[in-house]
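See below for the structure under consideration.
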Amino acid sequence: MNFLEERIRKDGLVKPGNVLKVDSFLNHQMDINLLDEIGREFKRRFGDKHVTKVMTIEASGIGIACFVAKEFGVPMLFAKKSKSINIAGEMYVAEVESFTHQNKNQVIVSKKFLSPDDHLLIIDDFLANGCALQGMISLAESAGATVEGLGIVIEKGFQIGGRVIRNLGYDLESLAIIDAMDAETGTITFREQ
Ligand code: G4P
């Protein structure tokens, strides 16, 4: 078991509906020492890539992506969720559907901060259906930027996102992959990696 799997077992809570609560250490209250270790682990995994920018999506990805960006010594750029449609022109726009929240968001980044010279490491806290990652990949494509890799903290391996993104040929690394969880017993089964 790696450091993250250990922490999930210790402090993660399995809720009905295949939801894992990690808000005591990852996406509400944040354990800074853990984020530091996560940053270093992504640097270890993607250190041979040419990364000019770390990209994520608001809100929960931001804290994690900052620690990763610090390891690489590059800026962190986060896609903003926006309801406004009056932004085309200055912004790259992609549509992201959330299955969990049953809504659609436009996500945007300023054209000032993404260009064909950029080589991106995309980071997020959770991968479920992959909509957030697809949205960020689409923003990168619009800008002509290169996606060097994608780093996820917790992948829900029983949902389709991981398979879809890997089948598209992207280098996707997840620090913990959950193959099953049971809200009644609280058991979590991690995929051997
Ligand atoms: P997807 O991006 O992989 O397709 O995920 P999906 O639409 O299914 O999930 C929507 C939101 O719920 C995402 O956050 C995702 O990170 C989060 N999520 C999915 N499964 C879980 C889970 O088991 N536990 C927790 N804690 N979160 C989960 P978001 O709403 O886009 O962003 P944020 O503002 O919360 O960062």
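Atoms within each ligand, like the ligands themselves, are counted from 1 in listed order. What you see is a predicted model, and the numbers here were worked out from it, not measured in a lab.
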For K81, the ligand 1 atoms whose distance to one of its heavy atoms is below 4.0 Å: 29 (P), 30 (O), 31 (O), 32 (O), 33 (P), 34 (O)
Can you sort out which atoms of ligand 1 are near K156, meaning under 4.0 Å from one of its heavy atoms? 20 (N), 21 (C), 22 (C), 23 (O)
Are E41 and R45 ion-paired here, with the side-chain N under 4.0 Å from a carboxylate O? yes
Does the residue G161 have a heavy-atom contact with ligand 1, meaning some pair of atoms that are separated by less than 4.0 Å? no
Under the salt bridge (charged side-chain N to carboxylate O under 4.0 Å, His left out) test, residues paired with K53 that sit two or more places apart: D118
Please report the closest heavy-atom contact between A183 and P16, naming both atoms and the distance. CB-N, 3.7 Å
Find all atoms of ligand 1 within a distance of less than 4.0 Å from any non-hydrogen atom belonging to D125, and give their numbers and elements. 16 (O)
Numbered in order shown, the ligand 1 atoms found under 4.0 Å of a heavy atom of N18 are 23 (O)
Any carboxylate oxygen within less than 4.0 angstrom of a Lys/Arg side-chain nitrogen, looking at K49 and D171? yes
Those atoms of ligand 1 less than 4.0 Å from some heavy atom in N129: 1 (P), 3 (O), 4 (O), 5 (O), 8 (O)
Those residues at least two apart in sequence (or on a different chain) that pass ring pair (Phe, Tyr, Trp, His ring centres under 6.0 Å) with H119 are H50
So between A132, G17, G135, whose heavy atom ends up nearest atom 2 (O) of ligand 1? A132
